[in-house]
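Take a look at the structure set out below.
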Amino acid sequence: MPTETAYGDPWKKQKIDNISLMLNGRHRSAGPVGLMMSVEKKHLEQVIGDAAGLDSPTISALSESGWAAVNTVLEESVLRDVIAQAHEFGCNRDRRISAE
């Protein structure tokens with residue numbers, strides 16, 4: 001809980017409100033989420049074949065040779081496992097993986 005002094009500062013109030021909004025939104029969100037990730041083409045079959053929940057992803061070529069964009073909707077309950085598996089097969093912190 002913020003103090004009255006902290007909440008009285010407009011900048012801090014905005015930050016506190018934003019954090020609260022994100023936490024409340026995360027708490028309410030359940031069910032399907034969108035996943036977008038870049039995968040090295042040589043690992044594409046492994047990522048799609050081994051990752052639970054990637055039943056019918058959309059795959060698009062990227063401008064960078066050897067990479068593909070994978071977009072899918074999956075249950076939030078398997079999201080962490082899918083991202084962990086994707087990291088094992090060539091997705092890393094230098095490539096973008098996002099879930100919305």
Side-chain angles (χ1 to χ4, degrees):
M1 267 337 260
T3 64
E4 283 187 42
T5 306
Y7 209 68
D9 180 328
W11 183 85
K12 289 180 181 179
K13 180 185 182 309
Q14 183 65 45
K15 288 291 187 185
I16 293 166
D17 290 346
N18 287 346
I19 292 169
S20 175
L21 178 68
M22 288 186 285
L23 291 173
N24 286 328
R26 174 75 176 133
H27 178 69
R28 283 188 295 240
S29 69
V33 294
L35 176 68
M36 299 177 286
M37 59 185 164
S38 297
V39 178
E40 205 168 355
K41 285 184 179 179
K42 66 182 180 183
H43 298 295
L44 196 55
E45 290 301 318
Q46 291 173 306
V47 170
I48 294 168
D50 291 347
L54 287 180
D55 296 329
S56 301
T58 300
I59 302 167
S60 308
L62 294 176
S63 59
E64 186 177 348
S65 179
W67 288 87
V70 176
N71 299 301
T72 191
V73 175
L74 49 91
E75 288 298 315
E76 186 177 13
S77 60
V78 298
L79 181 64
R80 287 184 183 181
D81 293 335
V82 169
I83 291 174
Q85 289 173 344
H87 274 93
E88 290 177 27
F89 295 120
C91 294
N92 58 42
R93 66 174 178 249
D94 298 328
R95 293 281 166 201
R96 183 125 179 103
I97 297 178
S98 64
E100 296 179 2

Salt bridge K13-D17, side-chain N to carboxylate O under 4.0 Å: yes
Rounded to the nearest 0.5 Å, how far does OG of S38 lie from CG of L62? 5.0 Å
Between atom CG of D9 and atom CD of Q14, what is the distance when rounded to the nearest 0.5 Å? 11.0 Å
Flag side-chain contact, heavy atom, 4.5 Å: L44 against I59: yes
Exceeds 12 heavy-atom contacts within 6.0 angstrom, atom NZ of K41: yes
Hey, mind stepping through L74 and V33 against side chain to side chain contact (heavy atoms under 4.5 Å, CB included) and telling me if it holds? CA-CA 6 Å; L74 49 91; V33 294; 4.2 Å; yes
Could you state the interatomic distance from CH2 (W67) to NZ (K42), rounded to the nearest 0.5 Å? 8.5 Å
Quick one: CE on M37 to OG1 on T72, what's the gap to the nearest 0.5 Å? 8.0 Å
Is any side-chain heavy atom of P57 less than 4.5 Å from a side-chain heavy atom of I48? yes
When rounded to the nearest 0.5 Å, the distance separating NZ of K15 from OH of Y7 is 14.5 Å
